[in-house]
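Got a structure for you, questions after.
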Amino acid sequence: MAKRRPYPSDLSDARWELIEPVLSAWRFERRGRALDFGRPPEHDLRDIMDAILYVDRTGVQWRYLPHDFPPWNTVYGYFAKWADEGVFAQLNGLLRQLLREKEGRGGEPSACVIDAQSVKTSTSVHAADQGIDAGKKIVGRKRSIVTDTLGLLLAVLVTAARVQDSVAGTRLLDQVAAEHPTVRKVWVDGGYRQHLVEHAATLGIDMEITARKPGTRGFTPIPKRWAVERTYGWLMLHRRLARDYETLPTRSEALINLAMADLMARRLTGENTVSWRDPKRSTKRPVPG
């Protein structure tokens with residue numbers, strides 16, 4: 001079969017070199033538990049990951065994958081297994097540590113930021129997994145994330161939009177304390193309640209609630225907390241995340257981990273994230289002929 005033409009979302013050789021050991025180790029371990037260990041795999045792991053990145057980047061339905069990728073149900077099967085077994089979270093953690101070290105930081109953070117974003121959902125999401133964010137008037141789901149001060153993802157939790165920020169924040173703080181014991185400081189916005197500050201204290205973490213100055217209008221970056229808001233902007237480069245299309249919240253979390261892994265791999269290899277903007281083209285509108 002002739003080699004297909006590459007898509008902008010495809011992994012470069014340099015980025016594949018970063019993530020290949022994790023995927024190969026997963027396949028080796030899984031085949032070691034299977035009965036058909038001697039049968040060679042039918043599909044290349046790089047082709048599978050390229051197809052998953054295509055969906056995450058372009059936002060197409062799984063069934064609409066171009067035919068030069070492996071069959072869509074095979075690709076989705078790998079995605080589901082990797083999501084359920086934490087492979088995307090593992091990739092995110094590995095690349096985050098490498099990028100922090102490249103930026104001259106320690107591998108583990110000492111401070112973090114928590115924020116939440118409510119997004120609309122598609123018809124594929126069960127009604128029980130949705131809710132209404134009364135403050136933002138959005139029916140859908142809520143993405144709560146924790147980032148370090150560079151904006152790199154530490155933890156993510158997807159819930160119904162009705163779930164209070166402090167409830168999701170409590171679960172995320174427990175996860176951060178268990179997985180990143182070096183964290184001693186966290187910044188949040190005014191949507192997080194005082195009892196969460198007290199819970200953070202029991203974990204040995206100092207929580208500071210930051211807010212805009214009274215009377216401020218329009219968008220104003222808030223010290224420390226702007227990093228997590230920028231992360232949400234990065235995530236929107238992946239069109240699959242513009243709305244929540246996933247039936248299971250854990251699959252939504254996996255796509256967020258994947259989007260961040262893709263972004264960090266590009267930064268580690270010095271590659272730009274391709275967007276719809278072309279800096280070489282003139283910003284002037286053509287004159288109608």
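Below, all heavy atoms of this structure are taken into account, side chains as well, without hydrogens, waters or symmetry copies.
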Can you get from Ile19 to Ile52 by hopping between Ile, Leu, Val, Met, Phe, Trp and Tyr side chains that sit under 4.5 Å apart?
->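 Both belong to a single hydrophobic cluster.
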Please tell me if the side chains of Phe79 and Arg251 come closer than 4.5 Å, counting only heavy atoms from C-beta onward.
->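 Of all side-chain heavy-atom pairs linking Arg251 with Phe79, at least one is under 4.5 Å.
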Thr182 side chain vs Pro109 backbone, donor-acceptor pair below 3.5 Å |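 It does hold such a pair.
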In terms of hydrophobic clusters joined by side-chain contacts under 4.5 Å, are Leu248 and Val55 together?
->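 Unlinked, Leu248 and Val55 end up in two clusters.
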How does the hydrophobic cluster around Val125 look, that is, which other residues are in it when side-chain heavy atoms under 4.5 Å mark a link?
->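 Grouped by the 4.5 Å side-chain rule, Val125 forms a cluster of one, so the answer is none.
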Straight-line distance of Thr250 OG1 to Leu255 CG, nearest 0.5 Å |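 Taking OG1 in Thr250 and CG in Leu255, the distance rounds to 10.0 Å.
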Side chains of Met260 and Thr231 in contact at under 4.5 Å (non-hydrogen atoms) =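 Result yes, sub-4.5 Å side-chain heavy-atom pair found.
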Applying side-chain contact (heavy atoms from CB on, under 4.5 Å) between Asp10 and each of Met49, Arg46, Arg4, report the one that passes.
->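 Option passing the side-chain contact (heavy atoms from CB on, under 4.5 Å) with Asp10: Arg4.
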Please examine the side chains of His180 and Asp148, heavy atoms only from C-beta on, and report whether any two atoms are closer than 4.5 Å.
->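 Side chain of Asp148 against side chain of His180, heavy atoms only: no contact under 4.5 Å found.
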Taking the six-membered ring for Trp and the single ring otherwise, decide whether the centroids of Trp72 and Tyr76 are under 6.0 Å apart.
->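 Distance test on ring centres: not under 6.0 Å, no.
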Report yes if the side chains of Glu253 and Ile256 come closer than 4.5 Å at any heavy-atom pair, otherwise no.
->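 Counting from C-beta outward, Glu253 and Ile256 never come under 4.5 Å.
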Roughly how far apart are Met264 CE and Leu98 CG, rounded to 0.5 Å?
->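 The distance works out to 9.0 Å.
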Using the rule that two of Ile, Leu, Val, Met, Phe, Trp, Tyr join whenever any of their side-chain heavy atoms come within less than 4.5 Å, decide whether Trp62 and Tyr64 are in one cluster.
->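 Trp62 and Tyr64: one cluster.
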From CZ (Arg240) to OG (Ser252), nearest 0.5 Å =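 Answer rounded to 0.5 Å: 9.0 Å.
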Output, in order, the C-alpha distance, side-chain angles, deciding distance and verdict of side chain to side chain contact (heavy atoms under 4.5 Å, CB included) for Arg141 and Asp129.
-> CA-CA 7 Å; Arg141 280 180 175 159; Asp129 291 330; 3.6 Å; yes
Least distance between heavy atoms, Met236 atom then Ala242 atom =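 The pair with the smallest heavy-atom distance is SD-CA, 4.0 Å.
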Between CD on residue Gln90 and CG on residue Leu23, distance to nearest 0.5 Å |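 The distance works out to 9.0 Å.
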Backbone N or O of Leu241 within a donor-acceptor pair of the Arg143 side chain at under 3.5 Å?
->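 Side chain of Arg143 to backbone of Leu241: a pair is present.
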Listed by chain and number, what are the side chain to side chain donor-acceptor pair (under 3.5 Å) partners of Ser124, not counting sequence neighbours?
->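 Once residues adjacent in sequence are excluded, the partners of Ser124 under the side chain to side chain donor-acceptor pair (under 3.5 Å) criterion are Ser122.
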Quick one: does Thr202's side chain have a donor or acceptor within less than 3.5 Å of a partner on His199's backbone?
->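 Yes, Thr202 side chain to His199 backbone: donor-acceptor pair under 3.5 Å.
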Any side-chain heavy atom of Asn257 within less than 4.5 Å of one from Leu91?
->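 Sidechains of Leu91 and Asn257: no contact.
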Check whether more than 12 heavy atoms from other residues, nucleotides or ligands sit under 6.0 Å from atom CZ of Arg184, and answer yes or no.
->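 More than 12 within 6.0 Å, yes.
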Of all the heavy-atom pairs spanning Pro71 and His43, show the shortest one and how long it is.
->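 Heavy-atom minimum between the residues: CD-CE1, 3.6 Å.
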Leu235 versus His238: any side-chain heavy-atom pair under 4.5 Å?
->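 In short, these two side chains do not touch, never coming nearer than 4.5 Å.
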Heavy-atom pair of closest approach, residues Ala254 and Ala83 =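 Nearest pair, atom of Ala254 first, then Ala83: CB-CB, 3.5 Å.
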Take atom NZ of Lys102 as the centre, draw a 6.0 Å sphere, and report whether it contains more than 12 heavy atoms from other residues, nucleotides or ligands.
->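 Counting other residues, nucleotides and ligands, NZ of Lys102 exceeds 12 neighbours.
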With sequence neighbours excluded, tell me which residues meet salt bridge (Lys or Arg N to Asp or Glu O under 4.0 Å) with Arg15.
->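 By the salt bridge (Lys or Arg N to Asp or Glu O under 4.0 Å) rule, Arg15 matches Asp262, Glu271.
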Please tell me if the side chains of Arg267 and Leu95 come closer than 4.5 Å, counting only heavy atoms from C-beta onward.
->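 A side-chain contact under 4.5 Å is absent here.
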Nearest non-hydrogen partners of Gly151 and Trp234, listed with the distance |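 Heavy-atom minimum between the residues: O-CZ3, 3.5 Å.
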Could you tell me which non-hydrogen atom of Arg239 sits nearest to which non-hydrogen atom of Thr58, and how far apart they are?
->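 Minimum heavy-atom contact is CB-O, 3.6 Å.
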According to the side chain to side chain donor-acceptor pair (under 3.5 Å) rule, which pairs have a member within residues 159-173, sequence neighbours left out?
->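 Every pair satisfying side chain to side chain donor-acceptor pair (under 3.5 Å) with a residue in residues 159-173: Lys142-Asp165.
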Is Glu179 atom CD crowded by more than 12 heavy atoms from other residues, nucleotides or ligands, each under 6.0 Å away?
->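 Check passes, neighbour count above 12.
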Which ILVMFWY residues can you reach from Val119 by hopping between side chains whose heavy atoms are under 4.5 Å apart?
->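 Result for Val119 is none, singleton.
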Glu246 and Val158, any side-chain heavy atoms less than 4.5 Å apart =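 Answer no - side chains too far apart.
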Could you identify which residues cluster with Ile114, counting Ile, Leu, Val, Met, Phe, Trp and Tyr as linked when any side-chain heavy atoms lie under 4.5 Å apart, either directly or through a chain of such contacts?
->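 Hydrophobic cluster check, Ile114: joined to Val146, Leu154, Leu157, Leu172, Leu173, Val176, Val183, Val186, Val188, Tyr192, Leu196, Val197, Leu203, Ile205, Met207, Ile209.
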Linking I/L/V/M/F/W/Y whenever any side-chain heavy atoms sit under 4.5 Å apart, do Val163 and Ile145 land together?
->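 No, separate clusters.
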Please state whether the rings of Trp26 and Trp82 are parallel, tilted or perpendicular, taking 30° and 60° as the class boundaries.
->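 Plane angle over 60°, so perpendicular.
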With rounding to the nearest 0.5 Å, note down the distance linking CG in Leu152 to CD in Glu103.
->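 Result: 8.0 Å between the selected atoms.
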Under 4.5 Å between side-chain heavy atoms, hopping through other hydrophobics if needed: is there a path connecting Tyr78 to Tyr54?
->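 Hydrophobic grouping puts Tyr78 with Tyr54.
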What's the spacing between Thr74 OG1 and Phe69 CZ if we round to 0.5 Å?
->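 Going from the OG1 atom of Thr74 to the CZ atom of Phe69 covers 13.5 Å.
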So, does Arg225 use its side chain to make a donor-acceptor pair with the main chain of Thr210 at under 3.5 Å?
->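 Yes, because the side chain of Arg225 sits within donor-acceptor range (under 3.5 Å) of the backbone of Thr210.
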Identify the heavy atoms of Pro70 and Val75 that sit nearest to each other, and give their distance.
->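 Shortest heavy-atom separation between Pro70 and Val75 comes out as O-CG2, 3.7 Å.
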